[in-house]
4 protein chains.
Amino acid sequence: MAGAKVGRPRSKKAYLAILKAAREIIEEAGTHRLTIEGVARRAGVGKPTIYRYWSNAQELAIATFMNPEVSNLPETSTNPGISDLRNLIQQTVQRLNSKQGRQMAFMLAGAETDSELFKAFRNRMILDTREKGTLILESAKIRGEIRSDVDVGLCLDMILGMIVLRLLIAHTELGEDLVDDVISMVLKGILPGASDT
Amino acid sequence: MAGAKVGRPRSKKAYLAILKAAREIIEEAGTHRLTIEGVARRAGVGKPTIYRYWSNAQELAIATFMNPEVSNLPETSTNPGISDLRNLIQQTVQRLNSKQGRQMAFMLAGAETDSELFKAFRNRMILDTREKGTLILESAKIRGEIRSDVDVGLCLDMILGMIVLRLLIAHTELGEDLVDDVISMVLKGILPGASDT
Amino acid sequence: MAGAKVGRPRSKKAYLAILKAAREIIEEAGTHRLTIEGVARRAGVGKPTIYRYWSNAQELAIATFMNPEVSNLPETSTNPGISDLRNLIQQTVQRLNSKQGRQMAFMLAGAETDSELFKAFRNRMILDTREKGTLILESAKIRGEIRSDVDVGLCLDMILGMIVLRLLIAHTELGEDLVDDVISMVLKGILPGASDT
Amino acid sequence: MAGAKVGRPRSKKAYLAILKAAREIIEEAGTHRLTIEGVARRAGVGKPTIYRYWSNAQELAIATFMNPEVSNLPETSTNPGISDLRNLIQQTVQRLNSKQGRQMAFMLAGAETDSELFKAFRNRMILDTREKGTLILESAKIRGEIRSDVDVGLCLDMILGMIVLRLLIAHTELGEDLVDDVISMVLKGILPGASDT
DNA sequence: GCATAAGCGAGACGGTACGTCCTGTCTTATC
DNA sequence: GATAAGACAGGACGTACCGTCTCGCTTATGC
């Protein structure tokens with residue numbers, strides 16, 4: 001690779017203007033109205049400048065959700081107990097329940113599933129929660145707070161899945177009570193013989 | 001009723017040819033390669049004929065999954081017990097796990113969520129299962145097979161949500177074991193003090 | 001309304017409605033905005049009914065100018081003299097100078113030149129005048145009012161041609177003076193040695 | 001001077017290919033078979049490239065006659081006499097009598113009469129001759145070759161009009177003799193007392 | 001310290017598809 | 001048995017974007 005850093009350096013200003021314009025368009029008109037031409041026009045930028053960073057509108061859209069404004073979840077406590085699960089889910093619900101999160105979730109399904117950015121998104125929005133949740137539940141397992149034969153991944157997918165389902169398909173409100181209910185259910189199951197809420 | 005059945009009747013043949021062509025294109029190239037022009041070409045049909053039925057490619061794509069080939073779930077027994085839940089979920093997994101179902105699930109997220117066809121799809125693919133599941137669980141409640149304070153809707157959304165999540169985002173295989181595991185979990189919960197699988 | 005017998009109860013009415021609608025459209029929007037669909041819609045008539053009489057929009061347009069409202073020129077006196085030429089040209093100018101005449105002249109050039117209706121139009125608008133003019137000039141020839149070697153057809157074509165040219169291409173006003181001027185010129189020529197106007 | 005020469009320059013090659021294709025289509029199938037899609041296909045060019053230059057098929061058709069192949073009339077001698085009129089008319093007849101000229105004349109009538117290109121055409125095909133003819137006749141007037149009270153414009157319109165009329169409407173052959181006859185007539189008039197041809 | 005290489009905005013390019021409109025033909029039920 | 005209604009295959013319209021490709025400039029680096 002000759003010319004590692006020769007030539008004019010890429011303009012930070014242009015890069016940020018593109019992301020800003022893209023975010024605004026998505027905000028105003030929705031993800032499927034995002035076009036490269038529209039972004040270029042709004043950002044006062046040439047189309048090739050956009051293509052230099054992302055190879056299509058899809059990727060740009062995904063990137064929009066990857067920038068610092070959608071921050072990571074706060075760290076869980078170093079030795080988390082089963083009670084931390086509530087906070088985690090609460091935070092995930094809030095994050096996905098935002099306008100941005102909603103659009104992103106929509107967009108997700110249309111994406112080329114093998115793309116790096118799709119994976120990145122999935123990592124950030126779902127797996128991130130899943131990972132933290134795994135940490136919590138495995139700790140709980142060790143401490144005997146939950147049964148040792150529990151499939152932790154399945155458990156988390158049921159919780160996350162429910163959230164995604166209601167968001168994407170049922171378009172139900174995701175209230176605060178929900179979090180308590182779902183935790184209660186996942187803990188006690190639905191069979192008789194467990195104490196009430 | 002003026003205009004009720006005046007004029008040349010719509011051609012069943014053309015209608016079916018359109019759906020067939022659309023289905024084939026989706027099968028071969030994916031949902032996002034479906035274009036009205038392509039369908040018209042393949043079906044040997046004029047574009048306006050397509051637009052007479054559906055107002056854009058999205059709607060046509062959704063309609064593709066609404067026709068008889070993707071049939072309703074079989075009826076559950078008239079007085080279903082908790083054991084029927086397994087069959088219901090098994091069938092849903094199979095249906096969504098097909099190539100067609102997978103594509104459809106993908107497509108879902110990009111759709112205009114207020115469109116009639118989106119709702120129709122949701123009804124058929126999700127609510128259909130949800131409704132039958134509700135029947136089963138409410139019966140089980142009455143018979144005392146499950147606790148009376150259980151939120152039946154939430155319970156089903158956790159199961160369905162997990163399926164959708166794994167299909168859309170994690171792209172995990174949806175094996176047969178899964179069904180047993182998820183039912184077990186939802187019945188017993190994850191707290192200690194329940195018998196093993 | 002309801003005809004007593006089967007057969008053709010509303011034929012005349014439909015026919016006239018078509019012509020009326022066509023005339024109105026041409027009047028309002030110009031000849032090139034005339035479409036069969038538009039006429040059918042406006043006339044409350046099925047498209048095939050129009051096609052039963054005329055085979056395309058062009059023919060219909062021409063037919064519009066063939067109906068009684070654009071009347072024939074008045075008859076010339078039975079034994080016309082050279083002085084009748086002025087009246088003839090005057091009338092022709094007036095007829096072509098009308099809005100309808102103008103549009104018709106425009107349309108003429110776009111027409112399929114071999115169609116019967118094109119010929120019919122030509123007959124009515126140009127040859128009609130030409131014929132009457134020939135009568136006048138041949139009579140004048142016999143009476144010695146003009147030279148015997150004059151090409152009568154050429155002479156009339158120069159007069160009519162000038163009118164058409166100014167109408168179509170130069171868009172000059174066709175005033176009354178013009179008629180006197182052109183007759184004077186065609187009579188005396190432009191060489192010196194003729195008395196002034 | 002923003003936008004003066006920014007951006008990729010327009011491709012001369014594409015421009016010429018469009019005109020060539022348009023000319024060929026008109027030549028082969030006639031003016032009313034000229035479609036933007038057809039031209040794009042034949043020229044190996046995108047439709048928007050055509051629309052960048054002309055806003056519809058009509059304008060493109062007119063432009064076809066405006067390019068160098070249909071050249072200007074040759075210059076008349078610097079101090080032209082009445083005898084030059086013959087050459088001028090002869091050339092005009094030839095030009096209009098060509099296949100291309102004929103089609104163009106037809107097309108003329110269908111055009112939006114206020115368009116720039118319509119005017120351009122009129123300028124080139126009619127006014128060009130008219131202007132040169134005016135020069136000739138005014139010179140002749142000064143030298144006393146024709147009467148001083150002659151309306152030069154009217155005279156030329158009669159000649160040109162006759163040509164156009166026969167071309168458009170009568171579809172008469174425009175032979176060589178015609179030129180002599182029309183000049184003779186316009187010079188001498190049709191009254192008795194002038195010498196024979 | 002000046003050449004060079006890459007980035008920049010602008011915008012034209014060949015394309016594809018859009019959704020609309022109209023053509024001329026056909027197939028019904030109605031009158 | 002002609003009519004109105006309107007669906008049909010076809011095809012052109014003019015527009016919007018796609019992703020690529022020049023342009024003439026600008027901006028650093030590194031020779």
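If you're wondering where the values come from, they're calculated on a predicted model, not measured in any experiment. The analysis underlying the following values was restricted to heavy atoms, covering all of them including side chains, and did not include hydrogens, waters or symmetry mates. First the proteins, then the strands, lettered A, B, ... as listed; each starts at 1.
Taking atom CD1 of residue D:Ile50 and atom P of nucleotide E:dA12, one finds them 15 Å apart after rounding to whole Å. Protein atom CZ of D:Arg33 is 12 Å distant from nucleotide atom C1' of E:dT23, rounded to whole Å. Between the CD atom of B:Gln58 and the C1' atom of E:dA17 there is a distance of 15 Å, given to the nearest Å. Atom P of nucleotide F:dC17 and atom CG of A:Leu60 are separated by 15 Å, given to the nearest angstrom. One atom, CD1 of D:Ile18, and another, C1' of E:dG14, lie 11 Å apart when rounded to the nearest Å. Look at OH on D:Tyr51: it is 14 Å from C1' on E:dC18, rounded to the nearest Å. Remark: P of F:dG19 and CH2 of A:Trp54 are 14 Å apart, rounded to the nearest angstrom. The interatomic distance linking A:Leu34 (CG) with F:dC17 (P) rounds to 11 Å, in whole Å.
Using a 4.0 Å heavy-atom cutoff across all strands shown, C:Gly38 reaches no nucleic acid atom at all.
In summary, D:Glu28 and D:Arg42 engage in a salt bridge, as defined by a charged side-chain N under 4.0 Å from a carboxylate O.
Nearest to the side chain of B:Arg8, among E:dT25, F:dA12, E:dA12, sits E:dT25. Here E:dG9 is the nucleotide among F:dG6, F:dC17, E:dG9 with the atom lying nearest to any side-chain atom of A:Val45. The nucleotide whose nearest atom lies closest to any side-chain atom of B:Lys47 is, among E:dC26, E:dC18, E:dG24, E:dC18. For B:Glu37, the side-chain atoms get nearest to E:dA17 when compared with the rest of E:dT23, E:dC22, E:dA17. Taking the side chain of C:Ile36 as heavy atoms from C-beta on, and the options F:dC18, E:dT23, E:dC22, the nearest nucleotide is E:dT23. For D:Thr49, taking side-chain heavy atoms from C-beta onward, the closest of the listed nucleotides F:dA4, E:dC22, E:dG14 is E:dG14.
Within residues 9-17 of chain D, the residues that place at least one heavy atom under 4.0 Å from DNA chain E are, in residue-number order, D:Arg10, D:Ser11, D:Ala14.
Of all the heavy atoms in C:Asn56 and C:Glu59, the pair that sits closest is OD1-N, 3.0 Å. The two residues A:Arg33 and A:Ile25 make their nearest non-hydrogen contact at O-CG2, 4.0 Å.
Sequence order on DNA chain E of the closest nucleotides to D:Arg52 and B:Thr35 puts D:Arg52 first from the 5' end. Each of C:Pro48 and A:Ser55 lies near DNA chain F, and the nucleotide nearest C:Pro48 is the one positioned closer to the 5' end. Residue-to-nucleotide proximity on DNA chain F shows that, of D:Asn56 and B:Tyr53, the 5′-proximal contact is made by B:Tyr53.
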Which donor-acceptor pairs under 3.5 Å do side chains of residues 7-22 of chain B form with protein atoms, sequence neighbours excluded?
residue : atom : partner : partner atom : Å
B:Ser11 : OG   : B:Lys13 : N            : 3.3
B:Ser11 : OG   : B:Ala14 : N            : 2.9
B:Lys20 : NZ   : B:Glu24 : OE2          : 3.0

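In terms of the salt bridge (Lys or Arg N to Asp or Glu O under 4.0 Å) criterion, B:Arg52 has no residue partners (sequence neighbours excluded). B:Ile36 is linked by a side-chain contact (heavy atoms from CB on, under 4.5 Å) to B:Lys47, B:Ile50, B:Tyr51, B:Ala57, B:Leu60, counting only residues two or more places apart in sequence or in another chain.
C:Arg41 has a side-chain polar atom (N or O) that falls below the 4.0 Å cut-off from OP1 or OP2 of E:dC22.
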